[in-house]
Amino acid sequence: MRCPNCGCLESRVIDSRQNIEGNNIKRRRECMQCQKRFTTFEVIESVQLVVVKKNGSKELFDRTKLLGGIMKACEKRPVNAETIVNEIDNELHNSMSQEVTSGDIGEMVMRKLKDADDVAYVRFASVYREFKDIETFIKELNSIKSDDDFSSESK
């Protein structure tokens, strides 16, 4: 750390304290040359996640954009959209990959919503899968119904 008083690069740490959340550290330092004390803060640097869209363009992962889409699908449904976004966000950042496709994110949302609520799932799927006609929509509904029938038979 460079001393703000004299510019010396050598200093010693006198005291270190972690904040309550545990995501940064405050350090009191003393310059080895001029003996002046100064404070530094260390913050954990998180990797920026890049989303590769269908058209090949790239943009930074936007949690609020994901939350907005899921909230629309879950409107007036007993589903906590924030919980689903937290789970997806954690999975994406724990994967240690710096890039993810929008399709992968969409599939993650589809799996989470299918487990959480059929109506929210169909709402999201109708936009995500870009249903062109009623037959495609009915096919997806039948798929959900057959999955439900299968899961109730296995109980």
Side-chain angles (χ1 to χ4, degrees), residues 1-2 4 11 13-29 37-155:
M1 249 336 116
R2 184 178 301 274
S11 64
V13 176
I14 298 168
D15 183 37
S16 294
R17 294 185 187 193
Q18 196 170 8
N19 74 340
I20 294 170
E21 293 85 28
N23 56 4
N24 65 38
I25 297 174
K26 178 181 178 179
R27 297 197 194 277
R28 279 300 282 162
R29 296 178 177 270
R37 292 185 177 185
F38 58 98
T39 303
T40 60
F41 294 91
E42 292 180 20
V43 180
I44 296 172
E45 185 177 30
S46 61
V47 175
Q48 290 289 339
L49 187 63
V50 175
V51 178
V52 180
K53 303 184 84 164
K54 288 179 187 177
N55 65 7
S57 66
K58 296 179 180 184
E59 64 180 46
L60 290 177
F61 174 72
D62 186 355
R63 181 186 161 81
T64 56
K65 189 174 176 181
L66 179 62
L67 180 61
I70 294 174
M71 284 180 71
K72 286 177 189 170
C74 296
E75 190 173 324
K76 296 183 182 177
R77 300 300 306 162
V79 178
N80 187 337
E82 186 72 39
T83 301
I84 292 173
V85 171
N86 287 340
E87 290 173 4
I88 291 170
D89 192 13
N90 287 338
E91 284 180 40
L92 290 172
H93 283 92
N94 288 339
S95 72
M96 300 305 286
S97 178
Q98 293 181 353
E99 287 188 353
V100 63
T101 65
S102 58
D104 289 343
I105 294 173
E107 292 301 321
M108 291 172 82
V109 173
M110 296 279 283
R111 281 193 304 276
K112 300 279 184 192
L113 287 177
K114 193 169 191 176
D115 292 342
D117 185 79
D118 288 342
V119 173
Y121 168 76
V122 170
R123 286 178 180 170
F124 187 85
S126 67
V127 174
Y128 177 69
R129 297 258 193 249
E130 299 174 348
F131 294 157
K132 301 288 186 224
D133 52 32
I134 192 73
E135 286 80 25
T136 313
F137 191 76
I138 290 171
K139 190 172 150 184
E140 189 69 33
L141 290 174
N142 287 334
S143 167
I144 293 170
K145 188 173 180 338
S146 67
D147 286 350
D148 287 346
D149 291 345
F150 177 73
S151 63
S152 63
E153 289 174 7
S154 63
K155 288 182 182 176

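Everything numeric here is computed off the predicted structure, so don't read it as measured data.
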Rounded distance [0.5 Å steps], [atom1] in [X] versus [atom2] in [Y]:
X    : Y    : atom1 : atom2 : value
E75  : R123 : CD    : CZ    : 6.5 Å
C74  : K72  : SG    : NZ    : 12.5 Å
E107 : K112 : CD    : NZ    : 13.5 Å
L67  : D62  : CG    : CG    : 10.0 Å
D104 : E91  : CG    : CD    : 11.5 Å
L49  : S97  : CG    : OG    : 7.0 Å

Checklist entry - How about M71: does its CE atom have over 12 heavy atoms from other parts shown lying under 6.0 Å from it? => result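 Atom CE in M71 is not crowded, with 12 or fewer foreign heavy atoms closer than 6.0 Å.
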Checklist entry - For atom CZ of R2, is the number of surrounding heavy atoms from other residues, nucleotides or ligands below 6.0 Å larger than 12? => result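 No.
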Checklist entry - Which one of I84, V79, N80 satisfies the side-chain contact (heavy atoms from CB on, under 4.5 Å) criterion with E82? => result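 Result: among I84, V79, N80, N80 is the only option passing the side-chain contact (heavy atoms from CB on, under 4.5 Å) with E82.
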Please give me the minimum heavy-atom distance between [X] and [Y], naming the atom from each residue.
X   : Y    : result
V51 : T101 : CG1-C, 4.3 Å
I70 : A81  : CG2-CB, 3.7 Å
R29 : I14  : C-CD1, 4.0 Å
R28 : F38  : NH1-C, 3.3 Å
F61 : L66  : CZ-CD2, 4.0 Å
A73 : R77  : O-CG, 4.2 Å

Checklist entry - So, do L60 and V50 sit near enough that their side-chain heavy atoms are less than 4.5 Å apart? => result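 A side-chain contact under 4.5 Å exists here.
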Checklist entry - Under 4.5 Å between any side-chain heavy atoms of E99 and K58, yes or no? => result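 When only atoms from C-beta onward are counted, K58 and E99 do touch, with a gap below 4.5 Å.
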Next on the checklist: Can a donor-acceptor pair be found, under 3.5 Å and without considering hydrogens, that links the side chain of N94 to the backbone of N90?
Outcome noted: yes
